[in-house]
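Just so you know, these numbers use all the heavy atoms, side chains as well, and skip hydrogens, waters and symmetry mates. Count residues from 1 along the sequence.
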Amino acid sequence: MRQIALDAGFHDKSPALKSSGTVGMKPRQLSWKWLLLGIVVLFLLGLALLPRQIGNSSSLRDKVTSTLSTWTGATVTLTEPLTVKYFPPLSLRGGFVLTNATKLPLVGSITARDVKISLSLPALLLGRIEVDALRLSRPKITLKGPADVTPPEAAIASVLAAASVGVVRIHHGTINTASGERLVSKVDARLDASGGGGALAAAGSFDYRGETVRFALESGEIEETDGKQSAPITFTVTSDPVTAKFDGTALFAEGLGLDGTMQTEMSNARGFLNWVGMNLPRGESLQDLSAEGSVHWNGSTLTFDAGAFMLDGNAAVGLLAITAEARPRIEGTLAFERLVLDPYLAGGETAAISGPLFDWVLLKYFDVDLRLSAAEVSASTMTLGRGGLTITAKDGVISGEVGGLELCGGQLAGRVGLDLSGSRTKVSFIGNLSDVAIETCVEPFALGMPVKGVGALQVDISTGGSTKEELIRGLAGKFKVTAKDGAVPIDFPQLMAADTEAEADGWSADKATPFQSLNADCRLSAGHIWCQMFNMQTGRGLITGSGDIDVGQQTLDWEFLIANPVTPLSAARLVMEAPPRVTMHGALTQPLIQRADGSTLGDGSTQADPGGSQASPR
């Protein structure tokens with residue numbers, strides 16, 4: 001009973017006790033206040049312990065420089081005047097000198113008069129030095145010399161994976177070569193490795209040779225598979241000379257490499273190449289370049305395994321590898337729907353006047369090994385058909401092979417050589433042209449020679465010299481011409497008629513002489529084409545002749561003998577008479593064609609009409 005009474009008394013008083021102990025405060029509010037009180041106590045405790053953990057400014061400076069030295073493998077010095085700010089954010093500010101960096105890729109030293117180093121307070125309370133941010137104002141960054149460069153794949157992976165700096169901020173910096181030459185200026189960049197695991201986010205801009213280049217990069221954590229390290233990466237580069245975008249994987253084994261997809265564009269590739277250090281002459285080619293596809297980069301060679309390309313309006317697909325060296329090397333196998341050669345053949349006349357001979361030939365400045373094929377090839381006013389071309393160039397020695405190129409209804413096969421390695425240029429050509437329509441081939445050259453027929457040409461010629469005139473004079477070699485079922489623009493029957501004038505005023509476009517076959521053996525020497533044997537079988541008889549063409553002066557001098565199948569000359573008559581003769585001389589485009597003078601009849605020449613009036617050639 002007593003226990004019951006006590007319990008009853010307790011229950012009677014408990015509401016009053018509860019009310020008086022918690023006046024104006026809910027239980028949840030009480031929890032938050034205790035939590036806030038705990039945080040304040042920890043903060044005050046941290047501030048109390050901070051001087052012991054930090055030490056004085058000299059001790060703090062030593063700890064910071066030691067941490068940066070361990071990370072970079074360099075000697076790091078913070079120079080006076082140095083100020084320390086103890087309250088968050090805890091930071092040091094002064095001068096900065098980094099030298100002999102053994103762990104940084106490419107970078108040898110960094111100096112800056114003004115640096116701000118912000119430290120992680122939680123890490124300090126735990127006895128560690130971690131740099132939240134390193135801000136460099138107007139730093140001078142000097143690259144390593146070639147002999148001091150560490151393997152980039154090892155350096156980059158190590159620096160990122162073991163980064164003791166969260167963010168590096170560069171304002172208005174410069175980058176110099178090891179010899180002191182300024183390479184890049186106005187560097188503004190932010191590099192953020194605070195995510196850990198080797199991940200990096202970077203963005204910024206710099207000036208290179210008068211052009212502003214902007215960049216952005218994102219790379220993920222570095223992973224290791226089968227002993228090989230890699231990380232996902234994307235980056236973009238934007239400038240007036242070039243834009244590029246890459247998305248793929250960075251590889252840190254057996255040399256720094258990239259695998260992924262890439263797109264790049266250059267409105268003026270010639271200007272871009274000169275911008276990065278080449279010295280190409282002026283020209284109309286290498287315009288509007290674009291490339292995209294899967295790529296692989298092994299540190300020196302960028303390879304499009306299956307790319308799509310556009311250059312000077314020519315579209316191609318295939319494999320293309322570009323090696324960045326003092327003399328760039330280009331290798332590939334490309335297929336074109338239509339290949340227009342005009343941009344690469346133009347400019348020769350201008351260059352010959354204003355610069356060295358063949359200075360405009362781009363292959364003089366590259367080493368190449370290219371195999372090209374096209375469904376259609378176009379050069380100047382000539383439209384060619386399907387064909388293949390192999391081009392190689394090494395140190396200015398160029399060779400090309402043409403295989404089965406459709407030309408004027410026939411085919412061209414041959415080999416051309418061009419040696420531009422010395423002061424004296426050497427040129428050679430060996431080729432065969434078969435089953436071509438002569439009129440179609442000659443027409444684009446506007447020679448005014450309406451020659452018809454189906455012909456073939458075998459050529460083996462060479463020359464050398466340091467000027468255009470020397471090259472023409474140095475032409476040497478031989479060639480053979482054959483043709484059938486055609487016509488030449490000379491009216492031989494009209495010329496030999498006794499009752500007509502003994503001259504023709506230039507090429508006879510309206511009254512040509514048809515032939516069943518034509519053969520000529522010729523040689524080149526001293527800038528002249530000498531043809532010692534010329535036979536043309538016509539319906540009226542055989543026409544033979546010989547003569548030469550002055551290539552430089554564009555003139556000719558020929559003589560033809562005409563046999564008459566109706567009244568052939570007997571052996572007795574050959575003593576007093578000779579076959580009719582026709583001479584042709586003057587400008588190649590407007591020669592004077594005439595029957596031989598009859599005054600030589602007693603000397604064995606056919607009588608010509610002495611009263612024939614002389615006509616001017618057209």
Can you check side chain to side chain contact (heavy atoms under 4.5 Å, CB included) on Ser423 and Ser466, steps first, answer last?
CA-CA 6 Å; Ser423 58; Ser466 56; 5.9 Å; no
So, the side chain of Asp207 versus the backbone of Gly210: is there a donor-acceptor pair under 3.5 Å, distance only?
no
What's the spacing between Leu370 CG and Leu389 CG if we round to 0.5 Å?
9.0 Å
How close do Ser205 and Thr212 get, counting heavy atoms only, and between which atoms?
CB-CG2, 4.5 Å
Residue pair Ser285 / Arg270, side-chain donor-acceptor N/O under 3.5 Å
yes
Taking all non-hydrogen atoms of both residues, which atom of Pro139 and which atom of Ile110 are closest, and how far apart?
CB-CG2, 4.2 Å
What pair of heavy atoms forms the shortest contact from Tyr208 to Leu183, and how long is it?
CD1-O, 3.2 Å
Would Phe246 and Trp297 count as a close aromatic pair, with their ring centres under 6.0 Å?
no
Can you name the one residue among Leu334, Thr390, Thr333 that meets side-chain contact (heavy atoms from CB on, under 4.5 Å) with Leu372?
Leu334
Crowding at CZ, Arg327 (>12 non-hydrogen neighbours, <6.0 Å)
yes
Thr236 backbone acceptor or donor facing Arg214 side chain under 3.5 Å
no
Are there over 12 heavy-atom neighbours, none belonging to Glu224, within less than 6.0 Å of that residue's CD?
yes
Quick one: do the Asp312 and Tyr344 side chains pair a donor with an acceptor below 3.5 Å?
yes
How long is the straight-line distance from CG of Leu319 back to CZ of Phe304, given to the nearest 0.5 Å?
10.5 Å
Result of checking Val84, Leu78, Thr77 against Arg61 for side-chain contact (heavy atoms from CB on, under 4.5 Å):
Leu78
For the residue pair Glu265 and Leu289, establish whether any side-chain heavy-atom pair is separated by less than 4.5 Å.
no
NZ/NE/NH1/NH2 to OD/OE distance under 4.0 Å, Asp114 and Arg93:
yes
Separation of Ser378 OG from Leu341 CG (nearest 0.5 Å)
7.5 Å
Please report the interatomic distance CG(Leu251) to OG1(Thr249), rounded to the nearest 0.5 Å.
6.5 Å
Could you tell me whether Arg209 atom CZ has more than 12 heavy atoms of other residues or ligands within 6.0 Å of it?
yes
Taking the side chain as every heavy atom from C-beta outward, state whether Phe366 and Lys394 have any pair of such atoms under 4.5 Å apart.
no
Less than 4.0 Å between a side-chain N and a carboxylate O, is that true for Asp188 and Lys186?
no
Please assess Val295 against Leu258 for the test side chain to side chain contact (heavy atoms under 4.5 Å, CB included), listing each intermediate value before the final yes or no.
CA-CA 8 Å; Val295 298; Leu258 296 173; 6.0 Å; no
Report the distance from atom CD1 of Ile175 to atom NZ of Lys140, rounding to the nearest 0.5 Å.
13.0 Å
Backbone of Gly73 reached by a side-chain donor or acceptor of Thr102 within 3.5 Å:
yes
In sequence, state the C-alpha distance, the side-chain angles, and the governing distance for Leu92 and Leu119, and then conclude on side chain to side chain contact (heavy atoms under 4.5 Å, CB included).
CA-CA 8 Å; Leu92 296 85; Leu119 303 179; 3.7 Å; yes
Donor-acceptor pair, distance only, cut-off 3.5 Å: does the side chain of Asp367 make one with the backbone of Asp395?
yes
Should Phe309 and Val317 be marked as a side chain to side chain contact (heavy atoms under 4.5 Å, CB included) after you check the CA-CA gap, both sets of side-chain angles, and the distance that decides it?
CA-CA 6 Å; Phe309 311 94; Val317 295; 5.9 Å; no
Kindly indicate whether the side chain of Asn298, heavy atoms from C-beta on, has any atom under 4.5 Å from the side chain of Ser300.
yes
Heavy-atom count around Glu470 CD within 6.0 Å, excluding the residue itself: above 12?
yes
Straight-line distance of Leu143 CG to Leu104 CG, nearest 0.5 Å:
11.5 Å
Going by atom types only, do Arg386 and Ser373 share a side-chain donor-acceptor pair under 3.5 Å?
no
Please check: side-chain N/O of Arg415 versus main-chain N/O of Gly431, any donor-acceptor pairing under 3.5 Å?
no
Do the non-hydrogen side-chain atoms of Thr72 and Leu98 ever get within less than 4.5 Å of each other?
yes
Could you check whether any side-chain heavy atom of Ile233 comes within less than 4.5 Å of a side-chain heavy atom of Leu217, counting everything from C-beta outward?
yes
Backbone of Ala101 reached by a side-chain donor or acceptor of Lys144 within 3.5 Å
yes
Are Ser462 and Ser428 close enough that a side-chain donor and a side-chain acceptor fall under 3.5 Å?
no
Would you say Val107 and Ile141 make side-chain contact, with heavy atoms under 4.5 Å?
yes
Classify the ring geometry of Phe215 against Phe206: parallel below 30°, tilted from 30° to 60°, perpendicular beyond 60°.
tilted
Only one of Val115, Thr111, Val97 passes side-chain contact (heavy atoms from CB on, under 4.5 Å) with Thr79; say which it is.
Val97
Hey, does the side chain of Thr463 reach the backbone of Leu471 with a donor-acceptor pair shorter than 3.5 angstrom?
yes
Answer yes or no: is there a side-chain heavy-atom contact under 4.5 Å between Pro281 and Tyr365?
yes
Check whether Ser219 reaches the backbone of Leu200 with its side chain - one donor and one acceptor, N or O, closer than 3.5 Å.
yes
So, for Val76 and Thr65, which heavy atoms are closest and what is the spacing to 0.1 Å?
O-CB, 3.6 Å
For the residue pair Val368 and Leu363, establish whether any side-chain heavy-atom pair is separated by less than 4.5 Å.
yes
Could you give me the CA-CA distance, side-chain angles and deciding distance for Gln287 and Asn268, then say whether side chain to side chain donor-acceptor pair (under 3.5 Å) is met?
CA-CA 5 Å; Gln287 304 295 312; Asn268 184 351; 3.3 Å; yes
Main chain of Glu181, side chain of Thr177: is a donor-acceptor contact present, judged purely on distance under 3.5 Å?
yes
Specify the closest pair of heavy atoms between Gly404 and Ala413, including all atoms of both residues, with the distance to one decimal.
N-CB, 4.3 Å
Which pair of non-hydrogen atoms, one from Ala189 and one from Leu191, has the smallest distance, and what is that distance?
CB-CD1, 4.1 Å
Do the charged groups of Glu331 and Arg329 touch, with an N to O distance under 4.0 Å?
yes
Okay, side chain of Lys103, backbone of Thr70: is any donor-acceptor separation there less than 3.5 Å?
yes
Taking Glu130 as the fixed residue, which of Ser120, Ser194, Ser164 is the one that meets the side-chain contact (heavy atoms from CB on, under 4.5 Å) rule?
Ser120
